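One structure is given here, and the rest of the page talks about it.
Indexing begins at 1, ligand by ligand and atom by atom, following the structure's order. Values in this document were obtained by computation on a predicted structure and should not be read as measured data.
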Amino acid sequence: MKIILATNNRHKIEEIREFLKEVPGVILSEAKDPNDPLELKEEGATLRDNALQKARTAAHQTGEWALADDTGLFVESLDGRPGIFSSRYAGEQATYEENRFKLLSELRDVPEEKRGAYFSCVMALVHPDGREVTVEGRLLGRIAREPKGNQGFGYDPIFWLPDRDRTLAELSLEEKNKISHRGKALYKMKGVLEGLTKLEG
Ligand code: ITT
């Protein structure tokens, strides 16, 4: 069973490949060469809409199964912002660093107990014949006062895990996958894929 990874984010590709590397019968493929990225639009009102939109685009372009994820960071004291706008929080072309800086600035005067946040990752698997599955994974934590760690990507350096006293960016890729929003979604998706590969032979 060939699956196209419908993402232009190389960090996501690494995490997804690491998690699904041992599923028998599943071959993961990137859509095109890095100089010609997929045009993946996110026009929906929810993470689920956006994950489905990205997976449908890749499935229809390639004629194969496609897997996409849409992820957001939801901060309690900001009424859930940046949420579905996490990649564009500090502007359309914002870098990870600019997004982190904006979030830290907004939370400058927010005390420890009000810095709760969670990541939500919605993953969609779509076949061009219309079959579609979505799953979700969440990770609870707090927004740190300053960035720490150099693993991972995006908001990882400022996402603090109270029970480990470390940020997500201080975990190895394998450790992050064991507990993260994406790891939890992938765990569910792995079950779906194992069922499908048995059915499809
Ligand atoms: P694709 O749409 O091509 O998959 P993207 O980077 O635009 O890539 P998202 O819209 O799902 O992906 O992600 C929104 C932002 O959320 C992303 O730019 C990161 O800043 C952040 N993000 C996503 N997953 C994350 C993770 O596991 N850890 C930290 N930040 C993450």
Report yes if N99 has an N/O atom closer than 3.5 Å to an N/O atom of ligand 1; otherwise report no.
no

Of all protein heavy atoms, the one nearest atom 7 (O) of ligand 1 is E42 OE2, 3.7 Å

Please confirm whether H11 approaches ligand 1 to less than 4.0 Å, judged on its heavy atoms.
no

Enumerated ligand 1 atoms positioned under 4.0 Å from heavy atoms of N8
3 (O)

If the test is salt bridge (Lys or Arg N to Asp or Glu O under 4.0 Å), which one of R10, K12, R17 qualifies with E30?
R17

Can you tell me if D69 has a non-hydrogen atom under 4.0 Å from ligand 1?
yes

Could you check if a side-chain atom of L186 sits within less than 4.5 angstrom of a side-chain atom of M123, using non-hydrogen atoms only?
yes

Any side-chain donor-acceptor pair under 3.5 Å between Q151 and S172?
no

Nearest-contact summary for atom 31 (C) of ligand 1 - protein heavy atom, Å:
F153 CE1, 3.6 Å

Note the single closest protein heavy atom to atom 30 (N) of ligand 1, along with its residue, its atom name and the distance in Å.
Y155 N, 3.1 Å

Donor-acceptor pair between Y89 and R81 side chains, under 3.5 angstrom:
yes

Assess the side chains of Q53 and E42: does a donor N or O sit below 3.5 Å from an acceptor N or O?
no

Charged N to carboxylate O under 4.0 angstrom, E136 versus K184?
no

Is there a salt bridge (Lys or Arg N to Asp or Glu O under 4.0 Å) between E175 and R166 once you walk through the steps?
CA-CA 12 Å; E175 286 175 305; R166 283 194 283 174; 3.7 Å; yes

Is the closest heavy-atom distance from F119 to ligand 1 below 4.0 Å?
yes

Would S86 count as being in polar contact with ligand 1, using the rule that some N or O on each side must be under 3.5 angstrom apart?
no

Please indicate whether any nitrogen or oxygen in E15 is less than 3.5 Å from any nitrogen or oxygen in ligand 1.
no

Over all atoms of both residues, closest heavy-atom pair of I179 and L168:
CD1-CD2, 4.4 Å

Strictly below 4.0 Å, N to O, side chains only: are K114 and E76 in salt-bridge contact?
no

Atom 19 (C) of ligand 1: closest protein heavy atom, distance to 0.1 Å, is Y96 CE2, 3.8 Å

Determine, for D70 against R48, whether the closest basic-nitrogen to carboxylate-oxygen distance falls under 4.0 angstrom.
no

What is the nearest protein non-hydrogen atom to atom 1 (P) of ligand 1, stated with its residue, atom name and distance?
T7 OG1, 3.5 Å

Within a distance under 4.0 Å of any heavy atom of D156, pick out the atoms of ligand 1 and give their elements.
26 (C), 28 (N), 29 (C)

Which of parallel (below 30°), tilted (30 to 60°) and perpendicular (above 60°) describes F119 and F159?
tilted

So if I count the atoms of ligand 1 from 1 in the order they appear, which ones are less than 4.0 Å from some heavy atom of K176?
26 (C), 27 (O), 28 (N)

Assign the ring pair F153 / Y96 to parallel, tilted or perpendicular, where the plane angle (0 to 90°) is split at 30° and 60°.
tilted

Numbering the atoms of ligand 1 from 1, which are under 4.0 Å from a heavy atom of D70?
9 (P), 10 (O), 11 (O)

What protein heavy atom lies closest to atom 9 (P) of ligand 1? Include the residue and the distance to one decimal.
K12 NZ, 3.5 Å

Which residue and heavy atom of the protein sit nearest atom 17 (C) of ligand 1, plus the separation
S87 CB, 4.0 Å

for atom 24 (N) of ligand 1, nearest protein heavy atom and its distance come out as R182 NH2, 2.9 Å

With heavy-atom distances below 4.0 Å as the criterion, list the atoms of ligand 1 near T71.
11 (O), 13 (O), 14 (C), 16 (O), 23 (C), 24 (N)

